Every structure is written in structure tokens, then in C-alpha cells.
Q: 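Sharing a structure, written as C-alpha cells. Questions coming.
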Amino acid sequence: MSTGSATLIVAGIDVDVVYKDIKNLHIGVYPPLGRVRVAAPKRLDDDRVRLAVIQRLSWIKKQRKDFQTTERQSEREMVTGESHYLWGRRFRLKIVERPGRAHFEIDGERLLLYVPEGTSTQRRHALLDHWYRQQLRNTLPGLIDKWESKLELSVPRWSVRRMKTKWGSCNRESRHIWFNVELAKKHPDCLEYIVVHEMTHYLERSHGERFSALMDGFMSDWRSRQAQLNEAPLTDERWV
């Protein structure tokens, strides 16, 4: 019986494996460059995991290629003229230095950031992060209420945080759902897809055939929303 974690090299690709008390093996490919992670039952050894990866190799390579060719924003400097995204729309940032409370406003196609003179780049980044989190906190309650009614499920607790490899995460035991702050940059359809995706994990842990069948019944266009999410411009971050 395998325990712990391992890194396998399959066809020149580093594959991170975590052995868990689960029934089915799950393979995931994550942004920004297509990192491959496997959650495997403890009953499997490295050789059987390597065989499972080889059997999905064509799919893995396609996912990695899609991530690596996705449009990527350059590192943001929080200065007038650069682009920022909100709900899939691109806005041009304008810094307005004046005394008073720091805050954001949307003016047509412009994103205005009012800050006191001399506000550092680090502080401007922190203000943007807080603003994105607030956008999600304002939007998520309505979506969660909608799908709680549709799915006859309850979401007792949810949070917004910055995650390196996932758009969302669900703890089935505590029923706590986390949403990646980066979702505020994506089209609202993408956020709704993640809400349904994570709530579906209440019913099915893995991403196997049963999970896909449930998603088909709940949201018939979930695959196109998933593709839309992964095709949207990625922020320039050091995802690990």
C-alpha cells in the first residue's frame, strides 16, 4: 500500500502524486503552465499510477498546451494606462491622487483608483486585491442561494482566498467551499460554473463519470463554461 506523496516522471512530464483514502484515481492539469497532479488510492503503487497517467497522456498534453498558449497579462505595476479585468471585461486603470479614502470607481471603460499622493505600488496592489474580494463577496450570495434551491443542498460556509492551482475547493466533511479571488476577473458564467462544480462535490468526491453525469443534469453547458474559464487571460503570477 502506498502512502504519502511522490513525483513521477512520465514522458518527460513531472507528475505530483498524493496517495489518499479514496476509491478512484483523479488526474488534474492546472494553470498556468499545466502542472499535473494525481490523487491516487493508497492501494495503488507508483507503477499503476504511472500506467494510468500514460493512458491519459494525450488528454494531459492537450490541457498543458492549452494553458501554455493562453493569453497572459504582463506583471501589473498599478499605473495609469494598464489593463485590468472585472467579470470578463477589460478596463483601463487611471490613478487619481488626492486626499481622502482610497477606493475604486468604474467610469465607462475606465477603472479609477483614488489614492493619497505617494501611495506605494504594494499598497495599490493590496487595494486591488481587497476590491476583487469584495466583488466576489457581493456576487456569491445570490448565486449560492440560487443553486441551493435548485440542487436542494445547503452551503453552510464559504470563503474567498487566493489559490495557486484551483479555481475552487470543497471540503466534503465541513462542507466549506473556497473560491479563488481570481474569479472576479472572469466572466460571471465562469463563477457560476465553479459554484455548481464545488456544490456537486457534496454529492461526488471525484471527477469521474458520476460527477460528469451530475454536472450534465445540473448545468448542461458546464463544459463550455469550463473552457471559457480556462481560455480567459491569466494573471502573471508565480503559481506553484
Side-chain angles (χ1 to χ4, degrees), residues 28-35 63-96 102-115 119 121-144 146-147 158-170 177-199 219 221-240:
V29 183
Y30 300 99
L33 297 178
R35 185 172 185 174
Q63 297 299 309
R64 285 169 57 84
K65 181 179 179 181
D66 288 346
F67 281 130
Q68 291 166 9
T69 58
T70 296
E71 178 186 354
R72 193 174 307 279
Q73 287 183 280
S74 59
E75 185 175 358
R76 303 292 85 181
E77 298 177 359
M78 297 301 296
V79 295
T80 293
E82 69 184 11
S83 297
H84 290 269
Y85 287 82
L86 175 67
W87 302 133
R89 292 178 57 195
R90 188 171 76 169
F91 295 87
R92 290 290 184 183
L93 180 65
K94 180 177 181 181
I95 303 295
V96 181
H103 67 283
F104 284 91
E105 293 180 7
I106 291 178
D107 178 22
E109 299 300 314
R110 297 189 304 173
L111 177 62
L112 308 179
L113 171 56
Y114 293 89
V115 288
T119 300
T121 300
Q122 183 179 7
R123 173 60 177 160
R124 294 177 186 183
H125 274 294
L127 289 167
L128 181 64
D129 182 80
H130 177 78
W131 184 69
Y132 277 134
R133 290 170 186 267
Q134 194 58 52
Q135 301 303 308
L136 285 169
R137 292 188 183 110
N138 292 341
T139 303
L140 278 164
L143 285 175
I144 290 172
K146 170 184 174 180
W147 285 97
W158 59 269
S159 305
V160 175
R161 72 181 185 185
R162 189 165 296 280
M163 293 184 278
K164 295 297 185 180
T165 60
K166 298 179 180 180
W167 295 116
S169 179
C170 173
I177 294 176
W178 290 270
F179 298 95
N180 192 331
V181 65
E182 289 289 305
L183 286 165
K185 301 178 182 180
K186 313 307 179 185
H187 191 279
D189 286 353
C190 299
L191 177 61
E192 186 171 30
Y193 155 68
I194 293 298
V195 169
V196 178
H197 180 112
E198 298 307 331
M199 290 180 69
M219 178 179 278
D221 65 342
W222 69 270
R223 289 179 177 83
S224 64
R225 295 187 191 218
Q226 181 187 58
Q228 182 181 20
L229 174 60
N230 290 328
E231 289 169 2
L234 293 168
T235 188
D236 182 65
E237 284 194 66
R238 300 298 181 262
W239 294 43
V240 296

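Nothing here was measured: the structure is a model prediction, and the numbers come from that model.
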Q: Report the residues that fulfil side chain to side chain donor-acceptor pair (under 3.5 Å) with W222, sequence neighbours left out, ordered by chain and then residue number.
A: D216

Q: Okay, side chain of R161, backbone of W178: is any donor-acceptor separation there less than 3.5 Å?
A: no

Q: Which residues pass the side chain to side chain donor-acceptor pair (under 3.5 Å) test with R110, sequence neighbours left out?
A: D107

Q: How far apart are the closest heavy atoms of V115 and A102, and which atoms are they?
A: CG1-CB, 4.1 Å

Q: Donor-acceptor pair, distance only, cut-off 3.5 Å: does the side chain of N138 make one with the backbone of Q134?
A: yes

Q: Just jot down the ring pair (Phe, Tyr, Trp, His ring centres under 6.0 Å) partners of W131, sequence neighbours excluded, or say none.
A: F104

Q: Would you say that T119 contacts L113 through its side chain, given a criterion of any heavy-atom pair below 4.5 Å between the two side chains?
A: no

Q: Indicate the atoms forming the closest heavy-atom contact of Y30 with K166, along with that distance.
A: CE2-CG, 4.3 Å

Q: Check K186 against L229 and note the closest heavy-atom contact, atom names and distance.
A: CG-CD1, 3.6 Å

Q: Atom NE2 of H103 and atom CG of L127: how far apart are they, to the nearest 0.5 Å?
A: 11.0 Å

Q: Looking only at heavy atoms, which two atoms of Q135 and A184 are closest? And how far apart?
A: CB-CB, 4.5 Å

Q: For the OG atom of S224 and the CE atom of M219, what is their distance to the nearest 0.5 Å?
A: 9.0 Å

Q: Decide yes or no for L93 and L128: does some side-chain heavy atom of the first lie under 4.5 Å from some side-chain heavy atom of the second?
A: no

Q: Taking only residues two or more places apart in sequence, or in another chain, which ones meet T139 in a side chain to side chain contact (heavy atoms under 4.5 Å, CB included)?
A: W87, L143, L191

Q: Under the side chain to side chain contact (heavy atoms under 4.5 Å, CB included) rule, collect the residues that match up with T80, sequence neighbours excluded.
A: K94, I95

Q: What is the distance from atom CD of E182 to atom CG of D129, rounded to the nearest 0.5 Å?
A: 8.5 Å

Q: Who passes ring pair (Phe, Tyr, Trp, His ring centres under 6.0 Å) against F91, sequence neighbours left out?
A: none

Q: Report, as yes or no, whether the 6.0 Å neighbourhood of atom CZ on R223 holds more than 12 heavy atoms from other residues, nucleotides or ligands.
A: yes

Q: In chain order, what residues pass the side chain to side chain donor-acceptor pair (under 3.5 Å) check against E109, with sequence neighbours excluded?
A: R89

Q: Taking all heavy atoms of N180 and all of L136, pick out the closest pair and write down the distance.
A: O-CD1, 3.7 Å

Q: Going by the rule side chain to side chain donor-acceptor pair (under 3.5 Å), which residues pair with H130 if we only count those two or more places apart in sequence or in a different chain?
A: none

Q: To the nearest 0.5 Å, tell me how far L111 CG sits from E82 CD.
A: 10.0 Å

Q: Mind checking what makes salt bridge (charged side-chain N to carboxylate O under 4.0 Å, His left out) contact with D221, not counting sequence neighbours?
A: R225

Q: Can you sort out the partners of Y193 under ring pair (Phe, Tyr, Trp, His ring centres under 6.0 Å), two or more places apart, ordered by chain and number?
A: H197

Q: So, using side chain to side chain contact (heavy atoms under 4.5 Å, CB included) as the criterion, who are the partners of K146 when residues are at least two apart?
A: K150, E192

Q: What distance do R124 atom CZ and E77 atom CD have between them, rounded to the nearest 0.5 Å?
A: 11.0 Å

Q: Quick one: closest heavy-atom pair of R92 and S83, and the distance?
A: NH1-OG, 3.1 Å

Q: Please name all residues satisfying ring pair (Phe, Tyr, Trp, His ring centres under 6.0 Å) with Y132, sequence neighbours left out, ordered by chain then number.
A: none

